[in-house]
Amino acid sequence: VSLLRSPVGLTRPPALVFRFMATSEVSEKKRLFPVIATILNLTSAERSKIEMAIVELESGAALDDVVNQSITTISNLFA
């Protein structure tokens, strides 16, 4: 399978890594990470460490959603 035909439509590994680092969407990070891990030939320990960071980011994103929804609800009560 050619990396040039990846589903993310990127043709250069640096662009792929940049996209992974720049996105705030956890779903995109999850989709890009296996490709990046392969390109960089990461060890199991390195993969695990990054996967844990993505899970932590996902947990934080879920918490942000709850906080934002709560703020909206409270704002609507006083509107």
Side-chain angles (χ1 to χ4, degrees):
V1 174
S2 171
L3 292 176
L4 296 177
R5 297 179 188 194
S6 70
V8 292
L10 298 172
T11 58
R12 300 180 304 122
L16 183 69
V17 172
F18 174 79
R19 187 165 177 174
F20 175 84
M21 294 174 64
T23 186
S24 60
E25 295 181 28
V26 176
S27 62
E28 187 169 12
K29 286 187 184 292
K30 285 182 170 182
R31 191 175 74 248
L32 294 173
F33 178 66
V35 178
I36 292 171
T38 300
I39 290 169
L40 298 178
N41 196 28
L42 297 180
T43 66
S44 298
E46 292 166 333
R47 285 178 184 250
S48 293
K49 189 170 184 176
I50 295 171
E51 287 168 349
M52 288 186 340
I54 291 171
V55 167
E56 288 176 12
L57 181 62
E58 185 174 37
S59 298
L63 181 58
D64 287 346
D65 289 343
V66 170
V67 169
N68 289 334
Q69 186 175 14
S70 297
I71 290 170
T72 301
T73 301
I74 291 169
S75 295
N76 288 339
L77 288 173
F78 294 104

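Values below: every heavy atom of this structure, side chains too, minus hydrogens, waters and symmetry copies.
Comment: K29 does not engage E58 in a salt bridge, judged by the lack of any side-chain N to carboxylate O separation of less than 4.0 angstrom.
Nearest heavy-atom pair, V35 versus R31, reported as atom, atom and distance to 0.1 Å: CG2-O, 4.4 Å.
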Query - side-chain contact (heavy atoms from CB on, under 4.5 Å) assessment of I36 paired with R47 - result: CA-CA 10 Å; I36 292 171; R47 285 178 184 250; over 6 Å; no
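Follow the hydrophobic side-chain contacts under 4.5 Å out from L57 and you reach M21 in the same cluster. L32 and F18 end up in different hydrophobic clusters when Ile, Leu, Val, Met, Phe, Trp and Tyr side chains are linked at under 4.5 Å. With hydrophobic clusters built from ILVMFWY side chains whose heavy atoms lie under 4.5 angstrom apart, V55 does not share a cluster with V26.
For the atom pair E51 CD and L42 CG, the distance stands at 9.5 Å (nearest 0.5 Å). Separating the CZ atom in F33 from the CD1 atom in I50 is a distance of 4.5 Å, to the nearest 0.5 Å.
Not one N or O on the side chain of T23 forms a donor-acceptor pair closer than 3.5 Å with the backbone of R19.
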